[in-house]
Amino acid sequence: MNDLLFELPLPEFFDLGACLAYMNRSPLECLFRSDSKGVNRLFVLEGAPVLVRLTVAEDQPLRLKATLLAGVRPGAEAIADLARYIVEWFDLDRDLAPFYRIADVDPLLRPLAVSERGLRIIGIPDLFEALCWAILGQQVNLAFAYRLKQRLTAEYGESLEWEGHTYYHFPRPEVFLTVTQEELCSLQLTRNKARTVLEVAALIAGGGLSREELLALPTPEAAEQRLLKLRGIGPWTSQYVRMRCLRDTTAYPVGDVGLQNAVKFLTGMDRKPTPAELLEFAVPWHGWEAYATFYLWRALY
DNA sequence: TTCCAGGCTTAAC
DNA sequence: GTTAAGCATGGA
C-alpha cells in the first residue's frame, strides 16, 4: 500500500537528513521510527490508529510527502489536522534566513550552522507529551529518560503492529485519571515525577490547561509563569515547553546541562558556564535563542 | 566508588 | 531571597 495523504511545500533551509539525525540520537526513541529516507509515526485520528510515513519527494519543487502505511484512511478534516501537526513537528512555516544571518557570523554557532544546515527545531506539538517528556528528563541522563518514556508509553499508550515492528502513540492524559502514583513509581519514576505527571494529566484532561490557552496569553513569558505555578514544573521544564511545544524561538533554558556542556566544549572553558555567562553569549542571538540552543545541543553528538 | 545526568521541592537561614 | 539536602536511577 502506498496511499498518499498529502504533500507539503518545503521552505528554504530544510534538510530532512539533518532533522532525522537529531531524531535518531537515541535508539530508545519509542514514538517514531526513522531510517535514512524518512520517518514512520503512529497517530490517532478519528479515534483510530493510523501509521504514517514522511519522506521528501525529490522532484522540484521539494515537498514533504505523507503516506498512509496502515490503518483506515482518515477523513479530510483529520488529514488537515495531521498536516498541521506535521508543520509544527518540523517547524516548517518558520523563515530561518534571519537565524542564519546571525549564526553564520557567530563564533559559537557558525560550525553548527554549516554542518546542521536545514535542521529545524523538532517540536513536540502535543502539550501533555511535551510536559511529560520534560518531566521525565529532569535531572536524569537522556538514556534513562528515554527508558522512562518507553515504559510509560508501552504501559498506557496505543500501539499498532506493522511489518514486524510495534509502533506506539503517547498515552492521552485521560488514561491517567485511574492510574496511581504507586503504579508510575513501579516504572521507576520518582515520587515527585509520578505526582507531577498525574497532576498535569488531570489538569489537561479536565480542561484546566491547554496549549491553545497558553498560546493565547499575551507573551511567552506569561505562558512560562502559568506553567511555573504547577508543582513539579520549574524554570527548565517551562522553558523547554516554550521551546519545543509553544514554538517560541526566544526560549532559552539557561539551566540546561546539555546547553552548558555544549558551550563549555565549544569554547574550551575548563568549567560549565554560569547562567549569567550563557545570557552574555546569547546577546547576539536575540530572537533566536531557542534555535541557538537546539543547534548547540548537536555539538554534543 | 564516586560523580554527573537536557531539575524540582522543601526546609532552613 | 538565597542556599542545602533529598530525590532515585543509570552510566562513565
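Because the structure is predicted, anything quoted here is derived from the model rather than measured. Numbered from 1 within each chain, the chains take letters A, B, ... in sequence-line order.
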Check the distance between [N]'s [atom2] and [X]'s [atom1] and give it to me in whole angstrom.
| X | N | atom1 | atom2 | value |
| --- | --- | --- | --- | --- |
| A:Leu136 | B:dC8 | CG | P | 13 Å |
| A:Leu227 | B:dC8 | CG | P | 11 Å |
| A:Phe144 | C:dC7 | CZ | P | 15 Å |

> C:dA8 base to A:Gln188 side chain: any donor-acceptor pair below 3.5 Å?
Replying inline: no
> Between the side-chain atoms of A:Asn141 and the base atoms of C:dG10, is any donor-acceptor pair under 3.5 Å?
Replying inline: yes
Would you indicate, yes or no, if [N] has its OP1 or OP2 atom less than 4.0 angstrom from a side-chain nitrogen or oxygen of [X]?
| X | N | result |
| --- | --- | --- |
| A:Arg298 | B:dG6 | no |
| A:Lys149 | B:dG6 | no |
| A:Arg191 | C:dA8 | yes |
| A:Thr237 | B:dC8 | yes |

> With the threshold set at 4.0 Å, does a side-chain nitrogen-carboxylate oxygen contact exist between A:Arg120 and A:Asp91?
Replying inline: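 Salt bridge: no.
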>> So, using ring-ring contact (aromatic ring centres under 6.0 Å, His included) as the criterion, who are the partners of A:Trp288 when residues are at least two apart?
In response: A:Phe99, A:Tyr291
> Do we see a donor-acceptor contact under 3.5 Å between the side chains of A:Glu183 and A:Thr180?
Replying inline: yes
> Cut-off 3.5 Å, side chains only: do A:Asp256 and A:Trp297 have a donor facing an acceptor?
Replying inline: yes
> Are A:Tyr156 and A:Phe170 an aromatic pair by the rule of ring centers under 6.0 Å?
Replying inline: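 Ring centroids of A:Tyr156 and A:Phe170 are no less than 6.0 Å from each other.
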>> Please give the distance between the P atoms of B:dG6 and C:dA5 as a whole number of Å.
In response: 23 Å
> A:Arg244 and A:Phe294: which non-hydrogen atoms are nearest, and at how many Å?
Replying inline: NE-CE1, 4.3 Å
Filtered N/O pairs between nucleotides 10-13 of chain B and protein, under 3.5 Å:
none

